[in-house]
Amino acid sequence: MFDIKNHRIKSVLKSGGCVKAIYTRLYPALTTAITLCPSHRAHYHLCLGVGTLFNFSVFPLSKAPMDLCRRRKSLLLWWLFMAISSSQIMGFISLADAQASGSQTPGVFSALSGGKHAPEYCAMYGICAQRSDGKVLNCPSGSPSVKPDDLLSAKIQSLCPTITGNVCCNADQFDTLRGQVQQAIPFLVGCPACLRNFLNLFCELSCSPNQSLFINVTSVVKVNNSLTVDGIDFLVTDTYGEELYNSCKEVKFGTMNTRAMAFIGAGAQNYKEWFSFIGRQADLDEPGSPYEIRFRSNILESSGMEPMNVSVYSCGDTSLGCSCGDCPSSPTCAAPAPPTPHDKGSCSIKVGSLKVECIEISMTILYVVLVSTFLGWSLLNRKGERRNTSRMKPLLNNKDGNELHSVNKQEPALSIQMPEGTRLMKASQLSLVQGYISNFYRRYGFWVARNPTLVLCSSLAIPLLLCIGLVHFRVETRPAKLWVGPGSKAAEEKQFFDSHLAPFYRIEQLILATTPTSKHEKPPSIVTEDNIKLLFKIQKKVDELRANHSGSMVSLTDICMKPLDADCATQSVLQYFKMDPEKYDDYGGVDHAAYCFQHYSSAETCLSAFQAPVDPSTALGGFSGTNYSEASAFVITYPVNNEVDKTGNENGKAVAWEKAFIRLTKEELMPMVLSQNLTLSFSSESSIEEELKRESAADVVTILISYLVMFAYISVTLGDAPHLSTFYISSKVLLGLSGILVVMLSVLGSIGFFSAIGVKSTLIIMEVIPFLVLAVGVDNMCILVHAVKRQPFELPIEGRISNALVEVGPSITLASLCEVLAFAVGSLIPMPACRVFSMFAALAVLLDFLLQVTAFVALIIFDSLRAEDNRIDCFPCIKIPRPTNEIDKGNGHREPGLLTRYMRDIHAPTLGHWAVKISVVAVFVAFAFASIVLCTRIQPGLEQKVVLPRDSYLQDYFDDLAEYLRVGPPLYFVVKDYNYSVESKHTNQLCSINQCDPDSLLNEIARASQTPKSSYIAKPAASWLDDFLVWLSPEAFGCCRKFTNGSYCPPDDQPPCCTADEGSCGMSLICKDCTTCFRGSDLHNGRPSTSQFKEKLPWFLDALPSADCAKGGHGAYTTSVDLNGYESGIIQASSFRTYHTPVNKQSDYVNSLRAAREFSSKISDSLKIDIFPYSVFYIFFEQYLDIWKTALVNISIALGAVFIVCLVITCSFWSSAIILIVLAMILVDMMGVMAILDIQLNAISVVNLIMSIGIAVEFCVHIAHAFMVSNGDRGQRAKEALGTMGASVFSGITLTKLVGVIVLRFAKSEVFVVYYFQMYLALVIIGFLHGLVFLPVVLSICGPPSRPVFVEDRLEHPPVAELS
């Protein structure tokens, strides 16, 4: 019998508590089987660094657990059959001329001994020799079984209770068997039924007195002049095999997030695959059985053999009950309710082959009903109007055509007797608030006209003072600070996880790929000699890279993760050559790489330089199944330590190296790769943040051009109708430029104020608010200038300014207050980006309004005085003679502009036709209903490729990630305040081994992993608690041990029990007296007491896993438990790790987060334990859980604020409701366009929607206000409103924004094209159509009635002093 303790440890490498034992004459797989790295991130999946994390990717850094899994399954197979071999002792006749290497002799057993198959006879007994690789070989036998002494019988009974009486093994062989069996116990002890069945199988094979009945030696081989067994038949029934497999197939091995069958059966899917794996004869230096075992269920009756007859326990057996996680079919385990799907199917109805959503049918029916009702009402109303018109014709004929229908001041009711020189006219009565506002503007207009210099200087002083705060200007670019509020649940959970457990690593990555020769062909394999040698050249440059950080040079070895404190844990196929190009040829070149793809967990030559296996699936891409040689991509990953503290500069060295790494890749590595006809994509942890900064700078020119185009248009549109002779006088370029400066000053004042109080700006603020304030400001500028133009020219400047402010001041005030309040309420939302935007926008719009009615009015006065004095625009110092035919002052009015004439003579009359009205209402309502249906298709999220520049190197990188990586991100279920005292039920509520609650946390996670499509959980969780309880168990006698003085005694294959010098690792005198920590009677129902738990938990977390005890917690669980203050009986934080299913789309990230939180909430409520899920991407995707709620709540609050302001100022519920409805339709249509253009709902689009309210107010409020202050019937008032305000709104907002938005189409960043060009263009078009088409039609049909009042109008204008 070969015993690993008889082999000396070649070396013991310690680093951070890690120990790696390399055995000299033992098969190489053992090397990995006892190797674990100091952090869970060293051998589990690491988070691929995404600085802003618009999107989150995961890369498997090291597959040490899986490799360990595969090595251990091979190791288990080895020791089991070594035990079987060594348990056979018998003298045997040796053959003459035996060669040391041996020769095979089939069927020799029956020829030599008669091959008796009868009860109480052995088929094998004793150890005759060893193979050249050290594996022991059994002796064939046909002798009767031997009666053991009482001590041996007791020992055998303790391990193999089914064997009584005579046996086919002696004491020494049984002790060896027992020592090797201890390696399997930690894997299966959580499920006693499986463990008992598993042990019975090998107990019967090794020591059964009836061994010859079910075992037949079919071939032997001569080794060292001894005849040894080379192959056997093992008779078992199919029923036995099926029941044995079923009892073990679901047993978990939590450390590796997988099933124990992956270790003991190579992931067998049925008992035949399991038996085939067990019985495979291993080649030299490979793990496995030294002879072939053929499990058979049929045999000739004449042979006298019969299948092995031993009981099989079901995993649901009550006497040997397994946990629900290990045995879901157990009667005590309730059938799990399937998790609620997160892609909930919407209600739909099938009409033939067409599938129609219920909401579509509902909206269609509602639309038909509303339109039919409207048509019926229109016909009846039309008939009524015709009758009323015929009755009122005499009154209409007496109407004075010279009456003014513009705004008139509110006056008290007058007597019918009027003074000479006056006349009575009918005007609309203003509301109380509007009256006060009009009176204010009338007096203010006269005052500002007399003191323009004072007003201009004093009004500019305030924003200029606020601009001083710009010295504290800072831009926030950290995604966590932009999208996650300080009270965010995800932020709190991340802070808790990082402070109590451990943060994730940073990742730097290269992806080299081949290119297909044609579009439809498969890309060639990248695993060639030339490509591997190219990879060595690339690695050499990376190793030589140095970056300067604060005067010191930083290399990769200074910052990389080093599991053994020596070599970086780089994930690359070069690790199969120890990262050494000289070993490439020594090891066999490409053939060696291909060999390692299949034996990376078993061949010592395939181990990495950092002494851990590298799974080819982590270093290759573009392959199917396990055909690694077909891979079309190399994936090289450099994990870098992530230092987290409160200084904010914790990763300075890493960031400096990352920047140098990107430069190296662009300048040197890229040309090298392209010259070999390969592609290269790359990324670093800080890449996204750096690219976002570059993006903002890249589009500065585009934005500036957009603004300049708008400036040019504004300067032209503010002037009078162009006449070559007077253009240099009538143009208002200087006024337009001054107005733009006023607008920009309001933006700078807002930013300066918030910068002064410590609020950081964002890129959204810098990109959106100038556009917003410019839209609002330019509209007000056009309205004010056009209002002044409409005044009689013979009036003095004071009268014209006063009348203009009285006419448009209330509507400007109304619109501005609506916008300010709408943005102000947005500051209540938790998302920092939206909240900060709303704050900045509210103050900027308020400052803009104040500057418009102060500074800009003063500038209008100066410009009017300039024009009257015949001074050239832009050069007011130059005065020219006035042409004699310039102005006919006798008419008293300026000639209307082109837009004004269009609105008055074409647009308004066209909308006045009833057929046009009906069509407009039907079309706009139809689009609104269609948009409601389309809104349900808007997906939350923000694709990371959209926010990056189109020429960013990360564009190719994200494409390659999606193509080559299929690994889900790690998921941790974190338990707060775990009470491990005996009095508490927490232990059984969390664990998943036997005697744990059926609905425990870990059992529920295992159940959820069975429905990954809905739960997004890929595997059962790795449980430190399960492994700790197993490690403590007396049955796992090789794990928790103590010296006679009570101190910790490691397993026999670890120092000091096993020395590190050359030689065998036999039974050490140092550890010969070590005993298990506890006896069965010391535990309470298999659970430790409070003091036992407290004492042994640190032992477990420091215990190194090895062949004798795979359950050691060091490495696997080093950061899974927070031991701070645990002595009180409460563990503040502990985590149980599993994995999400692969997530590729934004919706996958959101749904996986939602599923994990719903699962945790349900379990927390059930167990009354505080449990939360954590994954590194949660903090960035949490916003999308409630993005719809955030958007709808803020839109609703903003619309409500607009409604309240309109109601207070106009005192008209009717008109306020119409404005509210039109604004709501604009927003609904905007979201419909978002769905059509596939624009996702995120912080940017929410900000744009909120901004849309502000601009939509400008489209609607001015028209509605002009309608309310006009007189006549609804149709006449609608025409009047379009004639007076339509041109200003159209030129001030629509055309201005249109020319500016079109320039954004040429931006380098996709985010500008999608979220600014497309959304802004949609807003301008939708706002124009609703404000200047739909709203006038609605007002002409059902607008509020006018409130006429007779007011006095003097036929001659009094002196200015009298008016004042």
Side-chain angles (χ1 to χ4, degrees), residues 404 406-412 427-463 735 738-739 742-743 745-746 749 776-777 779-792 795-820 845-865 868 1205 1208-1210 1261-1262 1265-1266 1268-1269 1284-1285 1288 1351 1354 1357-1364:
L404 296 174
S406 59
V407 145
N408 289 274
K409 62 181 180 293
Q410 182 183 13
E411 298 288 354
S428 294
Q429 183 181 12
L430 300 177
S431 68
L432 180 63
V433 177
Q434 284 177 304
Y436 283 127
I437 293 175
S438 296
N439 288 332
F440 167 78
Y441 277 116
R442 184 179 68 252
R443 294 183 174 88
Y444 171 74
F446 281 108
W447 181 80
V448 71
R450 294 170 177 172
N451 305 280
T453 304
L454 175 62
V455 172
L456 180 63
C457 295
S458 59
S459 60
L460 293 179
I462 296 176
L735 177 62
S738 301
V742 167
V743 171
L745 190 60
S746 65
V776 175
D779 187 39
N780 290 340
M781 289 161 55
C782 290
I783 290 173
L784 285 169
V785 172
H786 292 169
V788 172
K789 289 180 181 180
R790 285 194 296 270
Q791 304 309 311
L795 279 178
I797 187 64
E798 294 89 343
R800 278 179 280 160
I801 296 298
S802 177
N803 287 349
L805 288 177
V806 170
E807 180 181 343
V808 300
S811 65
I812 291 178
T813 303
L814 174 61
S816 299
L817 289 180
C818 289
E819 293 155 0
V820 171
V845 171
L846 178 61
L847 290 175
D848 178 62
F849 163 68
L850 295 176
L851 290 175
Q852 292 290 334
V853 298
T854 56
F856 189 70
V857 170
L859 291 171
I860 292 176
I861 295 170
F862 285 124
D863 185 75
S864 299
L865 295 174
E868 291 177 6
V1205 172
V1208 169
I1209 292 181
T1210 64
V1261 167
H1262 297 299
H1265 182 266
M1268 287 186 291
V1269 299
T1284 56
M1285 300 301 295
S1288 298
V1351 298
R1354 298 182 183 274
H1357 295 280
V1360 172
E1362 183 179 333
L1363 286 171
S1364 61

Find the distance between CG (L805) and CD1 (I437) and round it off to the nearest 0.5 Å.
12.5 Å
Nearest heavy-atom approach of G749 to L847 is C-CD1, 3.9 Å
Determine, step by step, whether L735 and F862 satisfy the side-chain contact (heavy atoms from CB on, under 4.5 Å) criterion, reporting the C-alpha distance in whole Å, the side-chain angles of both residues, the deciding distance to 0.1 Å, and the verdict.
CA-CA 9 Å; L735 177 62; F862 285 124; over 6 Å; no
I462 atom CD1: more than 12 heavy-atom contacts under 6.0 Å
no
A side-chain contact here means heavy atoms from C-beta on lying under 4.5 Å apart; do L814 and H1262 qualify?
no
What distance do R450 atom CZ and I801 atom CD1 have between them, rounded to the nearest 0.5 Å?
13.0 Å
Quick one: does N439's side chain have a donor or acceptor within less than 3.5 Å of a partner on G435's backbone?
yes
Among V1205, I812, V845, V1261, which residue meets the side-chain contact (heavy atoms from CB on, under 4.5 Å) test with L817?
V1205
Identify the heavy atoms of S802 and F446 that sit nearest to each other, and give their distance.
OG-CE1, 3.2 Å
If you define the side chain from C-beta out and look only at heavy atoms, does anything of S438 sit under 4.5 Å from P810?
yes
So V808 and R790, do their side chains get closer than 4.5 Å, heavy atoms only?
yes
Side-chain contact test, heavy atoms from C-beta onward, threshold under 4.5 Å: evaluate it for V788 versus I860 and give yes or no.
yes
Looking at every heavy atom in both G739 and M781, which two are closest together, and how far apart are they?
CA-CE, 3.7 Å
Please report the closest heavy-atom contact between S816 and F849, naming both atoms and the distance.
OG-CD1, 3.3 Å
Where does the angle between the aromatic ring planes of Y444 and F440 fall among parallel (under 30°), tilted (30 to 60°) and perpendicular (over 60°)?
parallel
Between V448 and L454, is there a side-chain heavy-atom distance shorter than 4.5 Å?
no
Residue pair V433 / I1209: nearest heavy atoms and the distance that separates them:
CB-O, 3.6 Å
Among I861, D848, L851, V785, which residue satisfies the side-chain contact (heavy atoms from CB on, under 4.5 Å) criterion with F856?
V785
I'd like to know whether E819 forms a side-chain contact (heavy atoms from CB on, under 4.5 Å) with L846, so could you lay out the CA-CA distance, the side-chain angles of the two residues, the decisive distance to 0.1 Å, and finally the verdict.
CA-CA 8 Å; E819 293 155 0; L846 178 61; over 6 Å; no
Closest non-hydrogen atom pair, L460 against A855:
CD2-CB, 4.1 Å
